[in-house]
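Order of the sequence lines sets the chain letters (A, B, ...), proteins ahead of strands, with each chain counted from 1. Worth knowing before you read on, the calculation uses all heavy atoms, side chains too, and leaves out hydrogens, waters and symmetry mates.
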2 protein chains.
Amino acid sequence: MTAQTERRPYRREGEEKRREGLIAAAMELVAEGGPEAATVRAIAARAGVTPGLIRHYFQSKEELTHAAYRQVMEDMTAEAMRACDAIPESDPVSRLAAFIAANFRPPVMTTRSVGVWAGYMHLGRNDPTMHAIHEATYLAYRDRLQSLIAALPRPADPARDRRDAIACNGLIDGLWIEGGSLPDGFAKGEILRIALDGTAALLGIRFPDSFYPDPSDRKPA
Amino acid sequence: MTAQTERRPYRREGEEKRREGLIAAAMELVAEGGPEAATVRAIAARAGVTPGLIRHYFQSKEELTHAAYRQVMEDMTAEAMRACDAIPESDPVSRLAAFIAANFRPPVMTTRSVGVWAGYMHLGRNDPTMHAIHEATYLAYRDRLQSLIAALPRPADPARDRRDAIACNGLIDGLWIEGGSLPDGFAKGEILRIALDGTAALLGIRFPDSFYPDPSDRKPA
DNA sequence: CGGTGAATTATACAAGTGGACAATAAATTG
DNA sequence: CAATTTATTGTCCACTTGTATAATTCACCG
């Protein structure tokens, strides 16, 4: 047992690959065991690498944490934007529906991504960089939502659009957290249906049935 | 510097006082610096006590954490219920409004309480006891909300009430988190107004003006 | 008063943390 | 093919963590 463990084989890898691998390892560990599980040793082991290498690619563990958090947040809003951009601008209601619906399907609404978000979120309270990332990604998401709302066929009113965007964003966030942290508490597709009905009610519009989950037992309005 | 630090004076205190003091200290530290700041030494120092005493009142630090989390959650729902119970049952709309509004004033919506919630929430992912507390308090809150919704003057429909409760709960949670984590991003009373307007829209009702914040610049429906 | 036991303090410890740094292996360059 | 540089590994360290336990102080009871 006290025998010298044999040296890990020297494996050279591309710089980008290594950075991504370390970030992905950190995210996985945070998702699985919270931030306290994402130690330098655990991250290195998960990435198939020696702990010392982390400091070669990141000036500190904190810097790796920032990179991972930024990636998590940007990935999620990028996913929603991608779904939205698949719909032509001539149909603003469907664009909004696609944007909203994307938040309640994998890869956005999973226990994993909600877990990562939950693990990192409290770090924004004291770490100024984390707070800045949080604020920037939150506002970017909400601005995008507001622009989709402003494109709806209704009288222009920026103040109202802002309030509606805040409300819709709150509803989306709350349902996303609940669906992700208590996945067994809801029927399949239930959260998505509630989110679409809810945002439609908030905005006084109606979304096409095609964005709702399959077993279409929606009640009439 | 290496001089012997003088012994802390022996201060005897009631058992309840000590437990509450330790729980309060843990909550404060989590609110200020996240869970990693709530070490046994820091908690003891904040409570004006020696680290060893924690293990005299709690079998482990984990047990103290559970107690503190339970207290945080129960305090918040109790506050909302208290506000609600101040309104007679003959006015179900106002009772619901009072319940909702209580969530967007101190002591419920403060950076402190949102910070504690954020600091603890991810612990529910691996610790079964924390998960149970999370689920129990969440469901207790939502059930209360659902019963308030069911009391509204409208046709009885339990399935619809459930969906409405989930939606309203999501909106409340989302707005509460955003208002608490980005307190400078919103005007005074803005979140409360959006929450009342939002839940009213979700439920197809209208809340009395008296529950809205003072500078009443509400737009007509 | 003297003794018993609980409440409180102080000390000690094993395990784990992030970080510094030297040793090594491979790629690159001349 | 030698020299240099860079990527990667392994070792070490000072520090913190939660916990175990011994030493104190004090209230209470005979």
Side-chain angles (χ1 to χ4, degrees), chain A residues 1-23 25-26 29-30 33-68 119 123 126-127 129-130, chain B residues 1-23 25-26 29-30 33-69 119-120 123 126-127 129-130:
Chain A
M1 280 309 185
T2 53
Q4 185 73 303
T5 86
E6 60 184 88
R7 189 181 184 86
R8 167 190 294 270
Y10 187 103
R11 274 271 298 156
R12 218 171 177 108
E13 206 64 62
E15 168 169 345
E16 250 350 84
K17 269 271 165 36
R18 277 279 135 95
R19 290 192 112 87
E20 288 172 13
L22 289 170
I23 289 176
L29 286 165
V30 171
E36 66 273 16
T39 68
V40 286
R41 288 167 178 79
I43 294 171
R46 180 67 62 101
V49 147
T50 280
L53 193 59
I54 290 183
R55 295 282 319 269
H56 183 75
Y57 285 103
F58 300 91
Q59 204 169 0
S60 67
K61 187 202 170 183
E62 205 183 12
E63 191 179 307
L64 168 55
T65 300
H66 294 161
L123 296 180
N126 286 345
D127 183 334
T129 305
M130 289 293 268
Chain B
M1 281 307 185
T2 52
Q4 185 73 303
T5 86
E6 60 184 88
R7 189 180 183 85
R8 167 189 294 270
Y10 187 100
R11 273 271 295 157
R12 219 174 176 108
E13 205 65 61
E15 169 169 346
E16 246 355 80
K17 269 273 166 34
R18 277 278 135 92
R19 289 191 113 88
E20 288 172 13
L22 289 170
I23 290 177
L29 287 165
V30 170
E36 65 272 16
T39 68
V40 286
R41 286 166 179 78
I43 294 171
R46 180 65 63 101
V49 147
T50 281
L53 193 59
I54 290 182
R55 296 285 318 272
H56 183 74
Y57 284 103
F58 299 92
Q59 204 168 0
S60 67
K61 187 203 169 183
E62 206 183 11
E63 192 178 306
L64 169 55
T65 300
H66 293 161
Y69 181 59
Y120 279 144
L123 295 180
N126 286 346
D127 182 335
T129 304
M130 289 294 267

Could you check how far [atom1] of [X] sits from [atom2] of [N], rounded to whole Å?
| X | N | atom1 | atom2 | answer |
| --- | --- | --- | --- | --- |
| B/E36 | D/dG18 | CD | P | 11 Å |
| A/E15 | D/dT5 | CD | C1' | 15 Å |
| A/Y10 | C/dA25 | OH | P | 10 Å |
| A/R11 | C/dT24 | CZ | C1' | 18 Å |
| A/L22 | C/dG18 | CG | P | 14 Å |
| B/K17 | C/dT8 | NZ | P | 13 Å |
| A/R18 | C/dA26 | CZ | P | 14 Å |
| B/E13 | C/dT8 | CD | P | 8 Å |

Just so I know, are the side chains of [X] and [Y] near enough to count as touching, which here means a heavy-atom distance under 4.5 Å?
| X | Y | answer |
| --- | --- | --- |
| B/Y120 | B/D127 | no |
| A/E62 | A/L123 | no |
| B/L53 | B/H56 | yes |
| A/F58 | A/V40 | no |

Report task. Quick one: pull up NE2 in A/H66 and CD in A/Q59 and give me the separation to the nearest 0.5 Å. Result -> 12.0 Å
Query raised in the report: Distance from B/L64 atom CG to B/L22 atom CG, nearest 0.5 Å?
Result: 6.5 Å
Report task. Taking A/K61 for its side chain and A/I54 for its backbone only, find out whether a donor-acceptor pair lies under 3.5 Å. Result -> no
Query raised in the report: How do B/A37 and A/P9 order along DNA chain D: which one's closest nucleotide is nearer the 5' end?
Result: A/P9
Report task. Ignoring the backbone of B/R41, work out which of C/dC13, D/dC26, C/dA10 is nearest its side chain. Result -> C/dC13
**Report entry** Neighbours of DNA chain C within residues 53-62 of chain A, by heavy-atom distance under 4.0 Å
**Finding:** A/R55, A/S60, A/K61
Query - Most 5' of A/P51 and B/R8 on DNA chain C, judged by nearest nucleotide - result: B/R8
Query raised in the report: Between B/G52 and B/R12, who's closer to the 5' end of DNA chain C by nearest nucleotide?
Result: B/R12
Query raised in the report: With a non-hydrogen cut-off below 4.0 angstrom, is A/T50 in contact with a base, only sugar-phosphate, or nothing?
Result: base
Query raised in the report: Are any of A/R7's side-chain N or O atoms less than 4.0 Å away from OP1 or OP2 of C/dA23?
Result: no
